[in-house]
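For this chain, numbers begin at 1 and follow the sequence in order.
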Amino acid sequence: MNTGTGPDVATGGDPPAVRALRLPPPAERGATVIPDKVVARIAARAAHTVQSRRAALPPGRDRPAAPSASAATHMGSVRLHLALDLPYPADIPLVCERIRHDVAERVTRLTGLRVGEVTLVVRRLVPLSGVNRGRVR
């Protein structure tokens, strides 16, 4: 009769807490698969956050459209394609590079995937408020 105070001979002598801690080898455990659509949504949300922080787009009637993203994963790495609006005037290459870096870092941190490439398409330039829209002479 087992009173619960000693090792359980029927299960190899280990208490249940110790048996629960033993995991099968990694090759037998499987892998976590994150669908491309989920990675794309994470990238789009990260781009939205970075767009408002890095690009400093003003709120108003010329409000930028939400960024769109697509992703392609292969062997633990991902390629991202982003499309978003940026302010004008601004240092477009610098803003784009910062957005690429920040989105790649965020996607890597949240998914564990290595971001190999981030392609960025600027859909339109949003004029900053207060910029004279008159003719240049």
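The minimum heavy-atom distance linking Ala71 with Leu80 is given by the pair CB-CD2, 3.8 Å. Of all heavy-atom pairs spanning Val115 and Ala104, the tightest one is CG2-O, 3.6 Å. When all heavy atoms of Ile92 and Pro87 are compared, the closest pair comes out as CD1-O, 3.8 Å. A pairwise comparison of heavy atoms in Ala69 and Ala43 identifies CB-CB, 4.1 Å as the closest pair. Residues Thr73 and Val78 share a closest heavy-atom pair of CG2-CG2, 3.6 Å.
Between the CD1 atom in Ile42 and the CG atom in Leu110 there is a gap of 5.5 Å [rounded to 0.5 Å]. Between Leu82 atom CG and Cys96 atom SG the span is 10.0 Å, to the nearest 0.5 Å.
Side-chain contact between Leu86 and Ile99 is present, with at least one heavy-atom pair separated by less than 4.5 Å.
Taken together through direct or relayed side-chain contacts under 4.5 Å among Ile, Leu, Val, Met, Phe, Trp and Tyr, Val121 and Val95 form parts of separate hydrophobic clusters.
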**Item:** Steps toward side-chain contact (heavy atoms from CB on, under 4.5 Å) verdict (Leu120, Val103)
**Value:** CA-CA 11 Å; Leu120 186 67; Val103 169; over 6 Å; no
**Request:** Walk me through it: do Thr119 and Arg79 pass the test side-chain contact (heavy atoms from CB on, under 4.5 Å)?
**Result:** CA-CA 8 Å; Thr119 305; Arg79 286 186 332 226; over 6 Å; no
**Asked** Where do Gln51 and His48 land on the side-chain contact (heavy atoms from CB on, under 4.5 Å) test, with the steps shown first?
**Response** CA-CA 5 Å; Gln51 178 188 38; His48 177 72; 4.1 Å; yes
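Partners of Glu97 by salt bridge (charged side-chain N to carboxylate O under 4.0 Å, His left out), not counting sequence neighbours, listed by chain and number: Arg100. For Arg123, the salt bridge (charged side-chain N to carboxylate O under 4.0 Å, His left out) test picks out Asp85, with sequence neighbours left out.
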